[in-house]
Amino acid sequence: MTTRRNRNRSRSRRRILPRPRVMLGTLLISLFVGVLIVQAYINSEFTGDHVETEVGDQAGVPITIRGGGPVINTTGGQESSSRMPARTIALTFDDGPDPTWTPKILDVLEQNDAHGTFFVVGSEVARHPDLTKRITDRGNELGLHTFTHPNLQRLAPWRRSLELSQTQVAIARAANVRTNLARFPYSSKPQAIDDVNWKIVKQAGAEGYLVVVNDMDSEDWQRPGVGQIVRNATPPEDTGAVILFHDAGGDRSQTVAALKVFIPMMRARGYTFTTVTEGMNRAIAQQGKESAQALPLLPVNPPAESTDRWRGSALLWTVRFADGLVWVIAGLFLIVGLLTVVRTVLLLLLATRHARQRRKKTFTWGPPVTEPVSVIVPAYNEKEGIEAAVRSLAGGDYPAIEVVVVDDGSTDGTAVLVERLGLPNVRVIRVPNGGKANALNTGIALARHDLIVTVDGDTIFEPDSIRMLVQPFASPAVGAVAGNVKVGNREKLVSAWQHIEYVIGFNLDRRLYEVLNCMPTVPGAIGAFRRTALAEVGGISDETLAEDTDVTMALCRAGWRVVYEERAKAWTEAPTTLEQLYRQRYRWSYGTMQAMWKHRKALTDSGDSGRFGRVGLPFLALFGVALPLLAPVVDIMLLYGLVFWELQATVTAWLAMLALQLFTAAVAFRFDRESLRPLWRLPLQQFAYRQLMYLVLIQSAMTAMTGARLRWHKLHRAGLTRSVPDSERPVILPQQSIAPAVDTWPPSRDQARTVTHPASGRATARPPVPAQGSPAQDRDLPQDRILDPEELPSAGSPPGGGSGPVYTNGAQEVSRGS
């Protein structure tokens, strides 16, 4: 009792506390989203530095400000403005630093022994710190032009302060200086300051900044021509002026050319060129002479505080990381686009070729195949659908069918339900719960025939499915055949999405893989094998959770052809909830990755194994793993573009990709002779279903990289046909007694076997002898020999145990003798 209580407590803890890989995934996603938000913030788009806006009410703006100079001082509660002295020009440059145009402007200033004030954007300072330092090293001055170049009228007061403070710390880290000057984006002349802007100016003053507008606007951002820029920048008569230019935000070649003309021309008229602060100091010195009182001068590029440098370092690294990540995403987006196009072209070309070949009236696999067939049905707690499945198998139109149901330690009476059917060509074999690979190997070992069909316990065959499935064995080169899996329960949205996926992602792909002769998976729901082919690769391996993929790869490496027979249809019950779907696909994805890793040596092999390794594995890695793993980039770029980029261009690109997918889907549905009606769900599938598959693949990859062991989770089935009435349902049986374990069936502990093929894998085969005790005998066993249902592994647990492959040589004779 204590043991069970402790076990339940540990289970509760596992539910409450997330697993480490879940926490890691959550952390990575949060970091990723955070970086994208940072990138979107620092990449706020802007065009011209000036936009025409209406001037609002100016009743609250002092007349001395509206009619004053371009340098406005509201620090310490004062309200004053200043102008440049006569014949003094302060050249100012907005929106930089720009790696192309700022160096050229600096060269022009140095060639003409002139200095200027650069009102820099903080995000660009973070990207080009060395260029920012070059500005101050050449005697120029820095000012703040916000961090992301927003319209401050549309921002909250805290955001305005943040825009200025972030730029200040970026300058501190880049050039080790600070500045008291600020200029707002889209600002103009003092006469245009209205009540709204006046509040922003006073807020900046309260934070210690002098706000600088301009006297003359060169309008170089409009690129009106060199002559016009010079005329726009020329002050009237001999007045001083703060003149606005730009060193970023577009093509500034006209600005560079205009400065080469403007500076010498104004010097010839007796003008001097200074920074804004130097011009202010000249005005202060002149005012001091007139008042006979020495006034303190303003510092030019005063040194930054150490705390600002540290904050600036963190800011610079954040910007660099965000920029780098977006470049990576953009690169991945191109890769995804290229892979998608390549895959679509290959699918359309090769799958179309396959379909045309099969539809030719002259196509044939060879003489009709009529050899007896053994159908192996591994079943673990399949009471909902096992009766319908067995009836469909045993009642097929093939001349000789043996159905072997291997009950893998079921606790719901699955075996009793099959026995009650009383079908003459159906046998039931009970084995202790040991996993699907163990059940399959047991059934194969005890099967009477050499053509083996494997079927899941929830799958229903059509009357001609077995006959169609085995016809490719007319070719002696064919070692396995993949059938056409159909979703039988299409009523709910989740299962309808899977119907679309089965037709497009599985069946269409199998046509392509057959043409390339590198089929990676014979589905567990409907597949056929030669006994000799299975014997050559060591039976069904238990080393991965995707035993069907594992054995198919082994067959390909052994040189057997694996083909697709579209006429052999099997109807399976797909998961109807997202949780069940997630569990199923998690196991599939993880198992596929395990199988690829297991067969990685095929990449360096020669012969048939090497051909599969250099064609099949890269193809599966690119289009089965890499492309789905990278596919979220498309949705990320869509969301990012809808919010931060051109809406029309983003929507157009997404619709183009959706149209390509719809076209591919229509081709796949036509090949499978399916109605196109379900495809109306495809756009919705892109927003919901695909996101779940992304999470599945990401978690599978993380599980594989961390080396964790995944359990085989049992899905809850409802059955494709009407369930058995309560009055006819058998009593749920306890766990069967454990029979003596043998390493193979027949026993072979004393036999030596040399495994020669590189794809041979370990297979589990520990079945009891076919004649087992009855349920009544089991009830007479001591209670400590009967396992409580809570003690049972989930759906067989991960396949494990066993010491060697199944030996099929001679198994037929032994089983017949039984």
Side-chain angles (χ1 to χ4, degrees), residues 376-380 404 406-410 429-447 452 454-457 480 520-524 527 529 531 533-555 557-558 584 586-601 700 703-704 707-714 738-739 741-749 753 755 757-768 792-808 811:
I376 313 301
V377 187
Y380 174 78
V404 180
V406 183
D407 183 74
D408 189 27
S410 298
I429 299 172
R430 291 182 172 90
V431 297
N433 182 265
K436 187 176 182 179
N438 180 66
L440 284 170
N441 283 326
T442 301
I444 293 169
L446 299 179
I452 306 295
T454 59
V455 185
D456 287 340
T521 304
V522 171
F529 302 88
R531 181 187 292 275
L534 289 175
E536 182 177 348
V537 299
I540 308 297
S541 172
D542 70 337
E543 293 180 329
T544 72
L545 291 183
E547 75 290 327
D548 47 5
T549 299
D550 190 355
V551 72
T552 307
M553 290 183 176
L555 291 171
R557 293 181 65 188
Q584 181 195 68
Y586 186 21
R587 176 174 61 83
W588 285 7
S589 300
Y590 182 65
T592 300
M593 294 177 188
Q594 283 182 310
M596 293 174 63
W597 179 253
K598 173 183 175 180
H599 295 281
R600 66 190 183 279
K601 290 184 179 179
S700 299
T703 303
R709 183 73 167 173
L710 182 65
R711 301 180 67 220
W712 189 314
H713 297 282
K714 174 69 178 175
I738 304 299
V742 293
D743 62 334
T744 62
W745 180 260
S748 59
R749 289 189 182 276
R753 181 172 187 264
V755 179
H757 191 269
S760 296
R762 178 167 51 88
T764 304
R766 297 180 297 167
L792 296 176
S794 174
S797 75
S803 59
V806 172
Y807 293 159
T808 55

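- Here the straight-line distance linking atom CG of N441 with atom CG of L534 works out to 8.5 Å at 0.5 Å rounding.
- Under the 4.5 Å side-chain criterion, counting only non-hydrogen atoms from C-beta, L555 is in contact with F529.
- When the options M553, E547, K598 are evaluated for a side chain to side chain contact (heavy atoms under 4.5 Å, CB included) with S541, the one that passes is K598.
- The two residues R531 and A447 make their nearest non-hydrogen contact at NH2-O, 3.0 Å.
- Nearest heavy-atom pair, V537 versus A558, reported as atom, atom and distance to 0.1 Å: CG1-CB, 4.0 Å.
- Checked by atom type and distance alone, the side chain of D408 never pairs as donor or acceptor with a backbone atom of A379 at under 3.5 Å.
- With sequence neighbours excluded, no residue forms a side-chain hydrogen bond (donor to acceptor under 3.5 Å, both in side chains) with T454.
- For the atom pair CD1 of I376 and CG of L446, the computed distance is 8.0 Å after rounding to the nearest 0.5 Å.
- Applying the side-chain contact (heavy atoms from CB on, under 4.5 Å) rule to T521 yields the partners D548, T549; only residues at least two apart in sequence or on another chain are considered.
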Intermediate values then yes/no, side-chain contact (heavy atoms from CB on, under 4.5 Å), L440 and V406: CA-CA 8 Å; L440 284 170; V406 183; over 6 Å; no
Could you check V404 against I429 for side-chain contact (heavy atoms from CB on, under 4.5 Å), going step by step and ending with a plain yes or no? CA-CA 7 Å; V404 180; I429 299 172; 3.6 Å; yes
Just do the side-chain contact (heavy atoms from CB on, under 4.5 Å) check on H599 and D550 with the steps written out, would you? CA-CA 8 Å; H599 295 281; D550 190 355; 2.7 Å; yes
K436/D456 under side-chain contact (heavy atoms from CB on, under 4.5 Å): CA gap, chis, key distance, verdict: CA-CA 10 Å; K436 187 176 182 179; D456 287 340; 2.8 Å; yes
